[in-house]
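Convention: sequence-line order gives letters A, B, ...; per-chain numbering from 1.
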2 protein chains.
Amino acid sequence: MNYSQQRNCILEIVMSDPIHPTAEQVYEKARLKYPNISLGTVYRNLNQLSEHGILKKICSSYGSVRFDGRTDAHFHMICKDCQRVFDVELGEMLGLEDKLMDKFGFQVSEYEISIQGVCCDCKK
Amino acid sequence: MNYSQQRNCILEIVMSDPIHPTAEQVYEKARLKYPNISLGTVYRNLNQLSEHGILKKICSSYGSVRFDGRTDAHFHMICKDCQRVFDVELGEMLGLEDKLMDKFGFQVSEYEISIQGVCCDCKK
DNA sequence: ATTAAACTTGAGAATGTTTATCATTTTTCT
DNA sequence: AGAAAAATGATAAACATTCTCAAGTTTAAT
């Protein structure tokens with residue numbers, strides 16, 4: 001990857017704010033600095049950055065893909081209504097439902113662990 | 001929810017085959033029995049069934065949403081290449097990476113736990 | 001510094017997925 | 001059987017994401 005101002009700006013936007021933005025939200029923020037930046041550029045760079053492991057993609061089966069600048073081990077708590085993504089630390093997983101209700105007032109309805117990688121067929 | 005033949009067929013398709021199909025895949029199968037069924041009907045019913053907790057939506061940030069007829073506790077292993085979704089039993093999580101490599105030849109690159117529910121703002 | 005190759009961009013078209021609309025049909029309840 | 005509620009098929013619309021390509025940047029080697 002060569003350096004580019006736009007990619008740098010996009011990275012900073014995602015890194016500096018824990019809102020787990022969608023591509024559209026990154027676009028809106030990036031336009032403040034680069035009014036002519038195109039949405040395609042934002043998508044292209046978000047994907048490149050996550051392919052390089054610098055950002056992480058977060059999926060939620062409701063609404064758009066989101067991006068996370070935190071790459072250390074933590075979990076995500078996703079509101080089915082407003083679709084915001086909240087961080088959950090490892091320790092908060094013990095006694096999950098009660099703890100999340102006490103701490104965040106978050107009513108857990110289900111959780112899902114997904115493991116990503118390459119299957120034996122595709123490795124060939 | 002009233003009874004409908006089409007919804008019943010859709011439910012059976014998802015329940016009877018562990019491929020974790022996309023809406024499009026369900027549509028193709030449903031057309032064998034109901035050649036005039038519309039894709040909209042498939043989406044409508046898959047969403048209704050998962051809102052009622054009868055099916056589960058699976059997201060993967062690559063490709064389309066998928067649906068799962070299994071509602072007991074288990075995890076998903078998603079190939080970043082072909083995007084198929086494989087089931088992982090609870091026990092297989094202990095010694096995760098080595099075990100999944102031994103058993104499935106699956107190269108883990110990252111995993112993500114996401115908790116879904118309703119946040120304190122939206123509960124109002 | 002100049003230059004060529006590789007990379008990146010903005011603009012917009014194209015694709016793909018999912019939802020909404022609505023007249024008609026099916027199901028449910030009496 | 002008949003009215004009300006729900007579901008359907010067809011299609012349009014909305015939304016999210018990727019692709020294309022000419023023009024502009026960055027890089028590394030002269």
Check your understanding: Is the count of non-hydrogen atoms from other residues, nucleotides or ligands lying under 6.0 Å from Lys123(B) atom NZ greater than 12?
Key -> yes

**Study point:** Axis bend over the full length of the helix from dA1(C)-dT30(D) to dT30(C)-dA1(D), computed from five pairs that close each end, to 10 degrees
**Key:** 40°

Point to revise | pair Lys80(A)-Ser109(A): side-chain heavy atoms closer than 4.5 Å | key: yes

Point to revise | Touch class at under 4.0 angstrom, heavy-atom based, for Thr41(A) against every strand present | key: base

Review point. What are the residues of residues 42-57 of chain B, sorted by number, that bring a heavy atom to within less than 4.0 Å of DNA chain C?
Key: Tyr43(B), Asn47(B)

Point to revise | Short side-chain to backbone donor-acceptor contact, Arg66(B) and Gln83(B), under 3.5 Å | key: yes

Check your understanding: Relative to the 5' end of DNA chain D, which residue comes earlier, Ser64(A) or Leu39(B), by the nucleotide with the nearest heavy atom?
Key -> Leu39(B)

Review point. With side chains defined as the heavy atoms from C-beta onward, is the minimum distance between Gln5(B) and Tyr3(B) less than 4.5 Å?
Key: yes

Exercise for review: Kindly give the cluster partners of Leu94(A), where membership spreads through any ILVMFWY side chain lying under 4.5 Å from a current member.
Suggested key: none

Point to revise | Hydrophobic cluster of Val118(B), others only, ordered by chain and residue number, side-chain cut-off 4.5 Å | key: none

Point to revise | ring pair (Phe, Tyr, Trp, His ring centres under 6.0 Å) partners for His76(B), two or more places apart | key: His20(B), His74(B)

Review point. Crowded around Tyr111(A) OH? As in, over 12 foreign heavy atoms under 6.0 Å?
Key: no

Point to revise | 5′-ward residue of the pair Tyr3(A)/Pro35(A) relative to DNA chain C | key: Tyr3(A)

Practice item. Check side chain to side chain donor-acceptor pair (under 3.5 Å) between Arg84(B) and all other residues, then give those that pass, not counting sequence neighbours. Key: Asp121(A)

Kindly list each side-chain donor-acceptor pair under 3.5 angstrom involving residues 98-105 of chain B, sequence neighbours excluded, with atom names and distances?
unit_1    : atom_1 : unit_2   : atom_2 : d
Lys103(B) : NZ     : Glu92(B) : OE2    : 2.5

Contacts under 3.5 angstrom, residues 46-54 of chain A side chains, donor-acceptor by atom type, not counting sequence neighbours:
unit_1   : atom_1 : unit_2   : atom_2 : d
Asn47(A) : OD1    : Lys57(A) : NZ     : 3.2
Asn47(A) : ND2    : Tyr43(A) : O      : 3.4
Gln48(A) : OE1    : Arg7(A)  : NH2    : 3.1
Ser50(A) : OG     : Leu46(A) : O      : 3.0
Ser50(A) : OG     : Asn47(A) : O      : 3.2

Exercise for review: Work out which heavy atom in Val14(B) is nearest to a heavy atom in Asp68(B); give both atom names and the distance.
Suggested key: CG1-C, 3.9 Å

Study note, to complete from the structure: Its 5'-most and 3'-most nucleotides having an atom under 4.0 Å from a non-hydrogen atom of chain B, DNA chain D is contacted over dA6(D) to dA10(D)

Revision key, fill the gap. Going by chain and number, the hydrophobic cluster around Val85(B) (ILVMFWY, side chain to side chain under 4.5 Å) further includes Ile58(B), Ile78(B)

**Study point:** Considering all heavy atoms, the nearest Phe86(A)-Cys79(A) contact
**Key:** CE1-CB, 4.4 Å

Review point. Heavy-atom contacts under 4.0 Å between residues 5-28 of chain A and DNA chain C, which residues?
Key: Gln6(A), Arg7(A)

Check your understanding: Mind checking which nucleotides bracket the chain B contacts on DNA chain C, 5' to 3', with an atom under 4.0 Å from a heavy atom?
Key -> dT17(C) to dT28(C)

Check your understanding: Within the side chain of Asn45(B), is there an N or O that forms a donor-acceptor pair under 3.5 Å with the backbone of Thr41(B)?
Key -> yes

